[in-house]
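Position 1 is the first residue of the sequence; numbering continues from there. Everything numeric in this text was worked out from a predicted model, so none of it was measured. Values below: every heavy atom of this structure, side chains too, minus hydrogens, waters and symmetry copies.
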Amino acid sequence: MNGFLYGFQSWFRAFFGNMLDGILTVFKGLFYGIVKIFDFSYYFRLFGSEGQSFGVLDWILAILAFLLSILVWVFLFFLLGLGIRRYIRYKKSLAVSEDLLEEIADLHRDVARLSAEKDRIIQLKVTQAGLSYEQMKKSLQEELQAAANGDEKEEKKDEKALSARFQRLSAVDEKYAFFHPPIYQNDITLSGLCEELRNYACSNNGLYYELRTIRLMIAGLAATKLIVLQGISGTGKTSLPYVMGKFFVNDATIASVQPSWRDRNELFGYFNEFTKKFNETEVLRRIYEAGYNDDLNIIILDEMNIARVEYYFAEMLSILEMPDPDEWKIELVPSTWEGDPKHLVGGSLKIPQNVWYIGTINNDDSTFSVSDKVYDRAFVINLDSKGVPFEAPVTSTRRVSYSEVESLYEKAIAEHPVSEEILEKIEKLDLYVIEKFRVAFGNRIMKQLKKFVPVYVACGGDELGGVDYILATKVFRKFESLNLSLIRDEIRPLITTMDALFGKGTMHDSIAYLQMLQKMY
């Protein structure tokens, strides 16, 4: 027996002795390894012994390698310290959570104790009053239950409101639940509308616009839903659509474009997968609300080219080009949930027709150039000078319906179509421009021209003036993308051709623009 115990003890000492020696060796190896890594005395001796054969480049490379190695180890220790710090914070948060749970348990025990004390006091009072404790307790429970039911209903109502993932759009649904359309003042002509708007801007806001500018604005909105106001700062580009909203008794929505805008999410918002809410923008809310009314709704894209328009507005540019208004839809979410807004069908929102988008552009070094894609689809109005003050009668607001304005547009197109003579001259000019400059008018430009010019005439302008403006802003503007030094000698014959077709000096805007291009080289 003793021999057996002696043998086991000898084996046990050898077994665990070897294991402990191994553990000690690991720690010794780790310690000696760290000491060896940071043995700077050896490194300096190495520099002393090997540096005698170093050239300048050798010294530079050696020092860089040494410093880089030190930085790597410092970074590793930094990451290690950061990990330890986060672990300590995590343990502290667990400790805090455990403390909170203990406090909650203590509070539950206090509540139970106080409830028992309350029952005891009620029993004493009931006994003194000669009433049954059970009757009093039952009555009290009924009252508490009734109050709880009321609170539960309120909580469910609040939860329903909070659970709606489109809170702004759902609020619009509630706003129009008992909506009564306003009384519109539709007894007006397009020319009268232009004059009243100009006088209103002057008498109420101290803004002075030429009557031609107002005509261009109203007529341009007949040709396209997107207007671009460009020119130098301080000419009233943002103020014009703003005062239009005031005049039509439906304030414009201003979206200040930011340099960080990259896609449509900046314009409409996006669905947050974490909160299960859709972060709606004011632009989206305005578009949605326009589906409930027949007002003229204006959305201002202020400084729209401070970011790339063809990025964040790309989808809308495509939608506004679709010939069928029923196809004007944007998909906000893949599918519809219970409680989603009423006008959100299958996760998509139909863009109403009664929304106009008006962008302002400053052409300076802080902005992006606007692409042909945007210019072709928009109607451009140049505001290059400040308005000249004038006297205007006091003019009040006028609430005009979108349906009435559309009917006025249709009436103008029917009564003042572009004459066949002008269309033939435009065709001849088109062939000349294609031959000499390789630039074509295009179907889109002709479509806009046939809408804009009749409405411009109905607004008080003249036919040739409308054609001239379209040519200057839609056709000849494309010359900027050409090599101006090569086409410079062709501009004078082009002006001569226009004089021959339309009358000498009648195409003021086009000739002024072409002469400006000549002076650039």
Trainee: Determine whether Val455 and Ile413 make a side-chain contact, defined as any pair of heavy atoms from C-beta on separated by less than 4.5 Å.
Mentor: yes
Trainee: Do the charged groups of Arg264 and Glu315 touch, with an N to O distance under 4.0 Å?
Mentor: yes
Trainee: Parallel, tilted or perpendicular: which describes the rings of Phe452 and Phe379, with under 30° parallel and over 60° perpendicular?
Mentor: tilted
Trainee: Answer yes or no: is there a donor N or O on one side and an acceptor on the other, between the side chain of Glu280 and the main chain of Arg168, under 3.5 Å?
Mentor: yes
Trainee: Do side-chain atoms of Asn186 reach the backbone of Val400 as a donor and acceptor pair under 3.5 angstrom?
Mentor: no
Trainee: So does Leu383 get a backbone contact from the side chain of Thr235, meaning a donor-acceptor N/O pair under 3.5 Å?
Mentor: yes
Trainee: Are Asp294 and Asn354 close enough, and set up right, to give a side chain to side chain donor-acceptor pair (under 3.5 Å), and what steps lead you there?
Mentor: CA-CA 7 Å; Asp294 195 27; Asn354 59 334; 5.1 Å; no
Trainee: Asp376 and salt bridge (charged side-chain N to carboxylate O under 4.0 Å, His left out): which single residue from Lys447, Lys474, Arg477 fits?
Mentor: Arg477
Trainee: Is the distance between the ring centroids of Phe390 and Tyr208 under 6.0 Å?
Mentor: yes
Trainee: Could you check Asp251 against Tyr242 for side chain to side chain donor-acceptor pair (under 3.5 Å), going step by step and ending with a plain yes or no?
Mentor: CA-CA 7 Å; Asp251 288 353; Tyr242 173 80; over 6 Å; no
Trainee: Restricting to non-hydrogen atoms, name the atom on Val374 and the atom on Glu310 that form the minimum distance, rounded to 0.1 Å.
Mentor: CG2-OE1, 4.2 Å
Trainee: Check Ile214 against Cys194 and note the closest heavy-atom contact, atom names and distance.
Mentor: CG2-O, 3.5 Å
Trainee: Might you work through the side chain to side chain donor-acceptor pair (under 3.5 Å) test for Gln230 and Tyr375, ending with a clear yes or no?
Mentor: CA-CA 11 Å; Gln230 67 178 14; Tyr375 274 128; 2.8 Å; yes
Trainee: Tell me whether the count of non-hydrogen atoms from other residues, nucleotides or ligands lying under 6.0 Å of CZ in Phe78 goes above 12.
Mentor: no
Trainee: So that I know where these two stand, are His416 and Tyr456 an aromatic pair - ring centroids less than 6.0 Å apart?
Mentor: no
Trainee: Can you tell me if CG on Asn443 sees more than 12 non-hydrogen neighbours from other groups inside 6.0 Å?
Mentor: no
Trainee: Would one find more than 12 heavy atoms of other residues, nucleotides or ligands at under 6.0 Å from atom NZ of Lys504?
Mentor: no
Trainee: Treating Ser407 as the side-chain partner and Glu404 as the backbone partner, does any N or O pair qualify as donor plus acceptor under 3.5 Å?
Mentor: yes
Trainee: Is it true that Arg398 and Asp187 have a side-chain N and a carboxylate O under 4.0 angstrom from each other?
Mentor: yes
Trainee: Give a yes or no on whether a salt bridge exists between Arg399 and Asp295, defined as a side-chain N under 4.0 angstrom from a carboxylate O.
Mentor: yes
Trainee: Any donor-acceptor pair under 3.5 Å linking the side chain of Thr275 with the backbone of Glu273?
Mentor: no
Trainee: Taking atom CD of Glu282 and atom OG of Ser256, what is their separation to the nearest 0.5 Å?
Mentor: 12.0 Å
Trainee: Should we count NZ of Lys425 as having more than 12 external heavy atoms under 6.0 Å?
Mentor: yes
Trainee: Looking only at heavy atoms, what is the nearest atom pair of Leu267 and Val283, with distance?
Mentor: O-CB, 3.5 Å
Trainee: Less than 4.0 angstrom from a charged side-chain N to a carboxylate O is my criterion; do Arg198 and Glu210 meet it?
Mentor: no
Trainee: Judged by atom type as modelled, is there a donor-acceptor pair below 3.5 Å linking the side chain of Thr506 to the main-chain atoms of Gly503?
Mentor: yes
Trainee: For the residue pair Tyr288 and Asp173, confirm or rule out a side-chain donor-acceptor distance under 3.5 Å.
Mentor: yes
Trainee: Please check if atom CD in Glu321 has more than 12 non-hydrogen atoms from other residues, nucleotides or ligands closer than 6.0 Å.
Mentor: yes
Trainee: Evaluate the ring planes of Tyr312 and Trp261, with Trp represented by its six-membered ring, and classify them as parallel (under 30°), tilted (30 to 60°) or perpendicular (over 60°).
Mentor: perpendicular
Trainee: For Tyr209, is there any backbone N or O sitting under 3.5 Å from a side-chain donor or acceptor partner on Thr213?
Mentor: no
Trainee: Within the supplied structure, the quantity of interest is the number of heavy atoms (other residues, nucleotides, ligands) at a distance under 6.0 Å from Leu82 CG; does it exceed 12?
Mentor: yes
Trainee: Starting from the C-alpha separation in whole Å, work towards a yes-or-no answer on side chain to side chain donor-acceptor pair (under 3.5 Å) for Thr189 and Ser191.
Mentor: CA-CA 5 Å; Thr189 62; Ser191 59; 3.2 Å; yes
Trainee: Is the ring pair Tyr409/Trp356 parallel, tilted or perpendicular, if the boundaries are 30 and 60 degrees?
Mentor: tilted
Trainee: Output yes when a side-chain donor or acceptor of Lys237 lies under 3.5 Å from a complementary backbone atom of Ile232, and no otherwise.
Mentor: yes
Trainee: For the backbone of Gly359 and the side chain of Asp302, can you confirm whether one donor and one acceptor N or O come within less than 3.5 Å of each other?
Mentor: no
Trainee: Can Arg285 and Glu289 be counted as an ion pair, charged N to O under 4.0 angstrom?
Mentor: yes
Trainee: Output all residues satisfying ring pair (Phe, Tyr, Trp, His ring centres under 6.0 Å) with Phe479, sequence neighbours left out; order by chain, then residue number.
Mentor: Phe437, Phe476
Trainee: Could you tell me whether the side chain of Asn297 reaches within less than 4.5 Å of the side chain of Tyr402, counting heavy atoms only?
Mentor: no
Trainee: Has Asn250 got a side-chain atom pairing as donor or acceptor with Gly245's backbone, closer than 3.5 angstrom?
Mentor: no
Trainee: Please determine if Lys350 and Glu327 form a salt bridge, counting it only when a charged side-chain N lies under 4.0 Å from a carboxylate O.
Mentor: no
Trainee: Check this for me, if you would: do Asp509 and Arg212 make a salt bridge, where the nitrogen-to-carboxylate-oxygen distance has to be below 4.0 angstrom?
Mentor: yes
